[in-house]
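Worksheet: one structure, shown below.
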Amino acid sequence: MEKTDLHRSLSVLPMGTVMKLTDLSARQIRYYEQQQLIFPKRNKGNQRLFSLNDVDKIIEIKNFLSNGMNIADIKHVYKKYQLQKKEKQHRYSKRLTDNETRRLLIDDILTAGGFKSKNPKDQSF
DNA sequence: CTTCTAACA
DNA sequence: TGTTAGTA
């Protein structure tokens, strides 16, 4: 991971901020965590602390859901994403960026699942 | 005042 | 998912 990703990985955002940034209820955000889709840190008071990467992922999950996918489908997406990222790095000397890998995987999943929307506004990538 | 967990007229 | 109770 590079230095430009450091600030995006810092968990410093409280629930209230994430609610506004994602336009989701605390209930929904906690549900994503309960489903092991996101892993926010906790402060000494047991309160959740999110990073900007968490926020991006939450919005992505939100879009996946509105595009017809269920929790299981989304878990598969991230599972494959992890595997594919390793494969690519080992198979080629060229190192793909996270965004490039995500783009390929997500586009593949949506196309194969028939979830691809014709409306660009419905997609977060 | 904000957030957390657990539970459901 | 919403909402509410009782905490921290």
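Chain A is the first sequence line, chain B the second, and so forth, proteins listed ahead of strands; every chain is numbered from 1. Given the structure is predicted, the values throughout are model-derived calculations rather than measurements.
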Could you tell me how far apart A:Leu13 (CG) and B:dT3 (P) are, to the nearest whole angstrom? 11 Å
Atom CZ of A:Phe50 and atom P of B:dT2: how far apart are they, to the nearest Å? 16 Å
Check every strand shown and say whether A:Gly45 touches a base, only sugar-phosphate, or nothing at a heavy-atom separation below 4.0 Å. nothing
Do A:Glu33 and A:Lys41 meet the salt-bridge criterion of a basic N to acidic O distance under 4.0 Å? no
Ignoring hydrogens and geometry, is there a side-chain-to-backbone donor-acceptor pair from A:Gln28 to A:Ser25 under 3.5 Å? yes
Any chance you could measure A:Gln47, atom CD, to A:Met15, atom CE, to the nearest 0.5 Å? 10.0 Å
Euclidean distance, atom CE of residue A:Met19 to atom C1' of B:dT2 [Å, nearest integer]: 10 Å
A:Asn46 CG to C:dG6 P, straight-line distance once rounded to whole Å: 20 Å
Output the residues of residues 20-31 of chain A in contact with DNA chain C, where contact means a heavy atom of the residue under 4.0 Å from an atom of the strand; sort by number or write none. A:Ser25, A:Arg27, A:Gln28
Under a 3.5 Å cutoff on both atom distances, Watson-Crick or G-U, what's the dot-bracket for DNA chain B ([ ] crossing, | other strand)? .|.|||||.
Pair A:Tyr78, A:Glu60 - check side chain to side chain donor-acceptor pair (under 3.5 Å), show working. CA-CA 11 Å; A:Tyr78 292 128; A:Glu60 183 172 75; 2.6 Å; yes
Round to a whole Å and report the spacing from CD of A:Gln34 to P of B:dA6. 9 Å
Just one of A:Thr22, A:Leu65, A:Asp54 clears the side-chain contact (heavy atoms from CB on, under 4.5 Å) bar with A:Tyr32, so which one? A:Leu65
First locate atom CG of A:Asn70, then atom NZ of A:Lys75, and finally report the distance between them rounded to the nearest 0.5 Å. 10.0 Å
Separation of A:Gln36 CD from A:Ile74 CD1 (nearest 0.5 Å): 14.0 Å
Starting from C1' on B:dC4, measure out to CG on A:Asn43 and report it in whole angstrom. 11 Å
Is A:Phe50 close to A:Ile58 at the side-chain level, that is, under 4.5 Å between some pair of heavy atoms? yes
Expressed in angstrom and rounded to an integer, what is the separation of A:Arg48 atom CZ from B:dT3 atom C1'? 8 Å
Check for a donor-acceptor pair, side chain of A:Lys57 on one end and backbone N or O of A:Leu37 on the other, with a separation under 3.5 Å. yes
Given atom CG of A:Leu49 and atom P of B:dT2, what is their separation to the nearest angstrom? 17 Å
